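Excluded from the calculations below are hydrogen atoms, water molecules and symmetry mates; all remaining heavy atoms, backbone and side chain alike, are included. Here the structure is a predicted model, which means the values were calculated and not measured. Heads up: numbering here begins at 1 and tracks the sequence. Note that ligands are numbered from 1 as they come in the structure, with each ligand's atoms numbered from 1 the same way.
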Amino acid sequence: MRTKIVAGNWKMHKNAEETEDLLNELIDKLPSDKEVRIIVAPTFVNLASAVDHLEFTNIGVAAQNMHQAESGAFTGEISADMLKSIGVDTVILGHSERRAYFHESDALLASKVDTALKHDMTVIFCFGEELKDRQSGNHFNIVENQLNDGIFHVEEKSWENIILAYEPVWAIGTGETASSEQAQEMHEFIRETIRRKFGSNVAEDVSILYGGSVKPDNAKEIFGKPDVDGGLIGGAALKATDFAAIVDGI
Ligand code: PEP
């Protein structure tokens with residue numbers, strides 16, 4: 001059976017003290033009776049303290065990005081080995097903000113995926129169409145191409161370490177949410193696409209998260225759809241009460 005997952009992407013928010021405060025609140029407020037994997041992704045400089053802080057909890061820690069090279073002259077970048085060395089074994093790759101503002105292409109993401117998997121990291125691979133693609137009816141093609149070019153080159157056994165996050169760009173940070181029907185329709189398509197390429201076992205086992213303005217008041221309905229296995233949460237992950245309520249909706 002596939003795992004239910006709720007992950008919080010904190011983006012470029014929260015300094016060291018605020019990170020600690022939010023983690024403490026989460027430890028207090030997150031429901032403990034749910035079968036769910038919970039992950040938070042603070043900014044790079046606060047990852048080591050988050051790992052320490054969460055050591056005896058059921059909350060995992062992910063990085064929001066990493067570089068594809070093992071090491072080298074890449075000023076300002078962070079390697080897989082550096083993340084692993086502080087106890088971070090999960091990384092978000094392909095977030096739409098990385099694709100849009102930092103020009104990360106499918107080919108670049110494919111090589112980041114390879115590096116992360118080589119280091120036995122879990123990858124949360126994000127993808128999703130822009131508004132113009134949905135308006136022109138091209139959203140299924142776009143998503144299939146992102147999967148083909150960014151992650152479908154991996155070996156079948158690597159899927160144990162892959163979580164997918166479908167995040168329609170038009171719904172990220174906009175307050176616009178895909179309806180639960182739109183989310184289900186796309187998640188079903190994604191699972192079917194995986195089934196065609198990798199077979200039923202992989203398709204049935206992979207967790208596919210929805211991301212895009214998930215809030216306490218819409219989480220339950222979206223998570224209730226059969227092919228939605230949880231969420232990647234941006235804005236609402238920054239408030240412990242909201243994030244806890246979203247986890248409660250699983
Ligand atoms: C995200 O950044 O991955 C995201 C889903 O953001 P928000 O929940 O704020 O739309």
Side-chain angles (χ1 to χ4, degrees), residues 4-14 18-19 22 26 30 36-44 46-47 50 59-66 90-104 109 112-113 122-131 133-134 139 142-143 146-147 150-151 162-180 182-184 186-187 190 207-223 225 227-250:
K4 300 274 186 194
I5 300 166
V6 180
N9 173 13
W10 294 9
K11 311 192 184 190
M12 198 172 74
H13 295 287
K14 307 287 177 190
E18 292 161 348
T19 295
L22 180 52
L26 287 174
L30 281 169
V36 56
R37 179 170 170 192
I38 300 166
I39 300 169
V40 293
T43 185
F44 279 130
N46 295 315
L47 286 173
I59 308 171
V61 177
Q64 298 174 18
N65 179 36
M66 56 161 244
T90 303
V91 62
I92 299 172
L93 294 176
H95 191 279
S96 67
E97 286 150 19
R98 299 293 320 169
R99 291 175 187 261
Y101 306 143
F102 303 96
H103 312 293
E104 296 199 358
L109 291 169
K112 290 190 177 200
V113 165
T122 295
V123 173
I124 302 177
F125 186 76
C126 306
F127 55 95
E129 82 282 359
E130 293 178 36
L131 185 58
D133 306 318
R134 185 157 279 265
H139 44 298
I142 294 287
V143 161
Q146 287 172 328
L147 290 170
I151 202 149
I162 294 169
I163 298 163
L164 296 179
Y166 166 61
E167 299 206 300
V169 178
W170 48 273
I172 297 182
T174 58
E176 280 288 323
T177 322
S179 67
S180 56
Q182 285 173 319
Q184 168 58 24
M186 182 58 89
H187 282 224
I190 293 163
S207 297
I208 308 176
L209 315 185
Y210 168 79
S213 299
V214 176
K215 305 277 182 252
D217 59 1
N218 60 20
K220 203 178 175 74
E221 191 185 334
I222 296 172
F223 295 165
K225 293 294 177 187
D227 286 295
V228 179
D229 306 308
L232 179 56
I233 318 299
L238 297 171
K239 275 183 73 184
T241 39
D242 284 358
F243 193 64
I246 289 169
V247 172
D248 218 24
I250 205 91

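- At the top of the distance list for atom 3 (O) of ligand 1, counting protein heavy atoms only, stands E167 OE2, 2.7 Å.
- Using cut-offs of 30° and 60° for the angle between ring planes, the H187 and Y210 rings count as tilted.
- By the 3.5 Å distance cut-off applied to N or O atoms, L232 is not counted among the residues near ligand 1.
- Interface of G212 with ligand 1, defined as ligand atoms under 4.0 Å from a residue heavy atom, comprises 5 (C), 10 (O).
- In terms of N/O distances under 3.5 Å, ligand 1 is approached by S213.
- Contacts of A171 with ligand 1, taken as heavy-atom pairs under 4.0 Å, involve the backbone alone.
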Practice task
Under the side-chain contact (heavy atoms from CB on, under 4.5 Å) rule, what do F102 and N65 come out as? Steps first, then yes or no, please.
Solution key: CA-CA 11 Å; F102 303 96; N65 179 36; over 6 Å; no
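- Side chain of R134 to backbone of H139: no donor-acceptor contact under 3.5 angstrom is found.
- For the residue pair T19 / N46, a side-chain donor-acceptor distance below 3.5 Å is found, with atom types taken as modelled.
- Of all the heavy atoms of I172, the ones lying under 4.0 Å from any atom of ligand 1 are found in both the backbone and the side chain.
- Checking only distances, K11 does come within under 3.5 Å of ligand 1, N or O to N or O.
- A side-chain donor-acceptor contact under 3.5 Å links Q64 to the backbone of K11.
- The shortest N or O to N or O distance between E97 and ligand 1 is not under 3.5 Å.
- The closest protein non-hydrogen atom to atom 1 (C) of ligand 1 is H95 NE2, 3.2 Å.
- Checked by atom type and distance alone, the side chain of S213 pairs as donor or acceptor with a backbone atom of A171 at under 3.5 Å.
- Atom CD1 of residue I233 and atom CG of residue N9 lie 10.0 Å apart, to the nearest 0.5 angstrom.
- Looking only at protein heavy atoms, the nearest one to atom 9 (O) of ligand 1 is G235 N, 2.8 Å.
- With C126 as the fixed residue, the side-chain contact (heavy atoms from CB on, under 4.5 Å) test singles out one of E97, E167, R98: E167.
- What sits closest to atom 8 (O) of ligand 1 on the protein, heavy atoms only, is G234 N, 2.8 Å.
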